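Report on the structure given below.
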Amino acid sequence: MQILVLHGPNLNLLGSREPAVYGHTTLAQIDEQLARQAREAGATLQSFQSNHEGALIDRVQAARADGTGFIVINPGGLTHTSVALRDALAAVALPFVEVHLSNVHRREAFRHHSYFSDLAQGVIAGLGPAGYRAAVAFALEQLASSGV
Ligand code: DQA
């Protein structure tokens, strides 16, 4: 049971970045909580953040062969722009949940469209770090029931 958590551009700044929108929790704290949550369920979880679209695409492609059974992804701003990252997820055909810390539907109109949502198993937006935990809980359930 192996879960890959991907964070897109600017999420490395969590904790100091627009705290009124994204809160005070750092990315390291989120990743630590998720790793513990997976460990307690007998699974492994790897996290990867990049500000570079190509690096995220490379990581998704690598997931095809590294034992990953489920992806949790917050594509950040690439949510609204990246056909290429979407294509990578479609190519590896691994199930994934799309997470956003903020409720993108309550924000600017350009954040209302996602290139990922129609491929995702589900989408969680607006719950802050709890959204990632809910996504990992779902991934653990799915992996346990599929035996991956
Ligand atoms: C975000 C929402 C995006 O619109 C934004 O570009 C981000 C973060 C979120 O987690 O709320 O970088 O994905």
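Both ligands and their constituent atoms are indexed starting at 1 by order of listing. Not measured: the values here are computed from a predicted model.
Taking all atoms of both residues into account, the shortest heavy-atom contact from Ser82 to Phe116 is O-CZ, 3.9 Å. Nearest approach of Ala88 to Ile57, heavy atoms of both residues: CB-CG2, 4.0 Å. Contact between Gln49 and Pro9 at its shortest, heavy atoms only, is NE2-CA, 4.2 Å.
Residue-level proximity to ligand 1 for Val104 is carried by the side chain, the only part with a heavy atom below 4.0 angstrom. Counting heavy atoms closer than 4.0 Å to ligand 1, residue Leu101 contributes atoms from both its backbone and its side chain.
Listed by atom number, the atoms of ligand 1 under 4.0 Å from Ser102 heavy atoms are 2 (C), 9 (C), 11 (O). Against a heavy-atom cut-off of under 4.0 Å, Arg17 is close to the following atoms of ligand 1: 7 (C), 12 (O). Numbered from 1 in the order shown, with element, the atoms of ligand 1 that lie under 4.0 Å from a heavy atom of His80 read 3 (C), 4 (O).
Ligand 1 has no atom lying under 4.0 Å from any heavy atom of Asn10.
Where the criterion is an N or O separation shorter than 3.5 Å, residue side chain and backbone included, Gly77 meets it with respect to ligand 1.
Side-chain N or O atoms of Gln33 include none that pairs as donor or acceptor with a backbone N or O of Ile30 at under 3.5 Å.
Separation of the His24 and Tyr22 ring centroids does not fall under the 6.0 Å cut-off. Between His7 and Tyr132, a ring centre-to-centre spacing shorter than 6.0 Å is recorded.
Among all non-hydrogen protein atoms, the one lying nearest atom 5 (C) of ligand 1 is Arg111 NH1, 3.3 Å. Protein heavy atom closest to atom 1 (C) of ligand 1, with residue, atom name and distance, is His100 ND1, 3.7 Å.
Partners of His52 under the ring-ring contact (aromatic ring centres under 6.0 Å, His included) rule, at least two apart in sequence or in another chain, do not exist in this structure.
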